[in-house]
Visitor: 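Can you read through this structure? Questions will come right after.
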Amino acid sequence: MGGRIDIYIDLASLYSYIALVQLLKTQDLLKQHSVDVEVHPVLLGAINAATGNKPPWTLPAKAAYGTHDSRRSLSAVGLADVSPPGDLMEAAKTQLPLRALHFVRAGYPADAYLRTWRHLLHAFWTLHRPPNTPAALGQALADVPATFPGEGEKGEGEGKRLFDAADVDRIVRAAAEPEYKDILRRTTEEALKRGAFGAPWLWATNATGRSEPFFGSDRWHHVYEFLGLPYQDVALLPPGSEKGSKL
C-alpha cells in the first residue's frame, strides 16, 4: 500500500468544499496507510477557459439537477447553511485568496494550511463574504479559528485565532507579490497538464508509481481501489435489516 493524492481545488467550487471536508475526515487514516496528500489551490475559471468547460449552473438542465445533487452531497458530509454568495461569476474571481493559500502552504504547518482552507471556504459559501479583496481576505484570515468544533478537549482553544495581526498582514501582502501570482499560474497549468477540466481534480499515484486522474467529490472509492486501500463500498441490505442502516 501507500502512494500519493494530489487534489486541485478552488474556493469557488462547491464540490471542492465537499471534497476538502471529506479529506479532513480521512486524512489520519490515509496517513496510517502511508498515503501522502497534497492540496493545491488552482483557479477554476482559468481551467474552464482553457478546456472550454462551462460551470454547471450556467446550463439550465444541470442547474436544475444541481439543486438536488448539491443538497444530497452537502448533507452526506454534514455541511449546512451553504449557498452561493450572490453573483457567483463575480465571486469566482478568487486569485487573491488562492495566492494567499499558496503562501500559507509554503510557510506554515500543514495543519494551519488546511484550517485556512476550511475557514475560507466557510467564509465564501456560508458567510457569503468571498475573501477576494485585501480587506475581505484580511478579515477572513483574522477569523480563522485555532480549533474547529469537536476538536480537542471541551473548551480547549475556544475563541483563539490561528493567525495574529502580523501573520495576517504578512499573508495579505504576499498574496499580491509576483512570486505567488506565478505559483498559482504554474499550479493551474500543472492541473491542466494532468487532464483537469474542473474541480475537484484528483491525481492519484499508487505504490508502483502509476498515476491516474479522478474527478469530483464522489470518486473516493475508485481512488482507494486504485491505491490498493481497504474500504467499505455502498451495499444494498436485505429486507428486515435495521431501519436506517448505512455502510
Side-chain angles (χ1 to χ4, degrees), residues 7-22 39-104 115-144 168 171-177 180-181 183-185 187-189 191-192 196-201 215-218:
I7 178 168
Y8 299 87
I9 58 176
D10 186 353
L11 292 170
S13 162
L14 177 62
Y15 289 93
S16 289
Y17 191 1
I18 292 167
L20 183 80
V21 172
Q22 292 167 329
V39 179
H40 305 275
V42 293
L43 186 61
L44 180 56
I47 290 175
N48 286 339
T51 60
N53 196 11
K54 293 182 179 180
W57 41 268
T58 65
L59 304 174
K62 284 188 176 181
Y65 173 74
T67 61
H68 301 292
D69 189 68
S70 60
R71 170 178 48 80
R72 297 164 187 154
S73 299
L74 290 165
S75 176
V77 296
L79 287 172
D81 300 321
V82 173
S83 61
D87 183 351
L88 189 52
M89 193 69 79
E90 183 65 26
K93 297 175 181 178
T94 53
Q95 291 93 328
L96 188 70
L98 294 174
R99 296 174 202 147
L101 283 160
H102 273 291
F103 179 78
V104 174
R115 288 178 191 278
T116 305
W117 257 116
R118 178 69 176 82
H119 185 72
L120 293 187
L121 284 161
H122 174 71
F124 191 102
W125 289 98
T126 296
L127 302 180
H128 294 166
R129 299 173 188 165
N132 295 350
T133 66
L137 175 60
Q139 185 59 62
L141 291 168
D143 290 341
V144 178
V168 170
I171 297 167
V172 173
R173 284 190 288 106
E177 293 176 0
Y180 290 95
K181 293 180 181 180
I183 290 174
L184 176 59
R185 177 187 58 79
T187 305
T188 303
E189 289 176 351
L192 284 165
F197 54 82
W201 190 259
F215 174 62
S217 62
D218 56 353

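Quick note: numbers below take in every heavy atom, side chains included, and nothing from hydrogens, waters or symmetry partners.
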Visitor: Between W125 (side chain only) and L11 (backbone N and O only), is there a donor and an acceptor less than 3.5 Å apart?
Guide: yes
Visitor: For W201 and F197, take the angle between the two ring planes, folded into 0 to 90°, and tell me which bin it lands in: parallel under 30, tilted 30 to 60, perpendicular over 60.
Guide: perpendicular
Visitor: Taking only residues two or more places apart in sequence or in another chain, which ones pass side-chain hydrogen bond (donor to acceptor under 3.5 Å, both in side chains) with R185?
Guide: D182, E189
Visitor: Starting at CG of L20, measure out to OH of Y15 and round the result to the nearest 0.5 Å.
Guide: 16.0 Å
Visitor: Quick check for you: to the nearest 0.5 Å, what is the distance between L120 atom CG and Y17 atom OH?
Guide: 10.5 Å
Visitor: To the nearest 0.5 Å, what is the distance between CZ (R99) and CD1 (I171)?
Guide: 15.0 Å
Visitor: Taking only residues two or more places apart in sequence, or in another chain, which ones meet Q22 in a side-chain hydrogen bond (donor to acceptor under 3.5 Å, both in side chains)?
Guide: W220
Visitor: Side-chain polar contacts of residues 78-89 - donor-acceptor pairs under 3.5 angstrom, sequence neighbours left out - could you list them?
Guide:
from : atom 1 : to   : atom 2 : distance (Å)
S83  : OG     : H128 : NE2    : 2.8
D87  : OD1    : M89  : N      : 3.1
D87  : OD1    : E90  : N      : 3.3

Visitor: Say you draw a straight line from OG of S217 to CG of D69; how long is it, rounded to the nearest 0.5 Å?
Guide: 7.5 Å
Visitor: May I ask you to test the D10-L43 pair for a side-chain heavy-atom distance under 4.5 Å?
Guide: yes
Visitor: Name all residues meeting the side-chain hydrogen bond (donor to acceptor under 3.5 Å, both in side chains) criterion together with S16; count only those two or more places apart in sequence or in a different chain, and write none if there are none.
Guide: S13
Visitor: Side chains of L44 and T94: does their closest heavy-atom pair fall under 4.5 Å?
Guide: no
Visitor: Working to the nearest 0.5 angstrom, can you tell me the gap between K181 NZ and L98 CG?
Guide: 13.5 Å
Visitor: When the side chains of residues 130-140 are checked against the rest of the protein, which donor-acceptor pairs come out under 3.5 Å, sequence neighbours left out?
Guide:
from : atom 1 : to   : atom 2 : distance (Å)
N132 : ND2    : A91  : O      : 2.8
N132 : ND2    : K93  : O      : 3.3
T133 : OG1    : A136 : N      : 3.1
Q139 : NE2    : D143 : OD1    : 3.1
Q139 : NE2    : D143 : OD2    : 3.1

Visitor: Please check: side-chain N/O of S75 versus main-chain N/O of R72, any donor-acceptor pairing under 3.5 Å?
Guide: no
Visitor: Hey, what do you get for CG (L121) to CD1 (I18), rounding to the nearest 0.5 Å?
Guide: 10.5 Å
Visitor: When you measure from the side chain of T188 to the backbone of L184, do you find a donor-acceptor pair of N or O atoms at a distance under 3.5 Å?
Guide: yes
Visitor: Do L127 and H122 have side chains that approach each other closer than 4.5 Å (heavy atoms only, starting at C-beta)?
Guide: yes
Visitor: Identify, with sequence neighbours excluded, every residue that meets ring-ring contact (aromatic ring centres under 6.0 Å, His included) alongside Y8.
Guide: H40
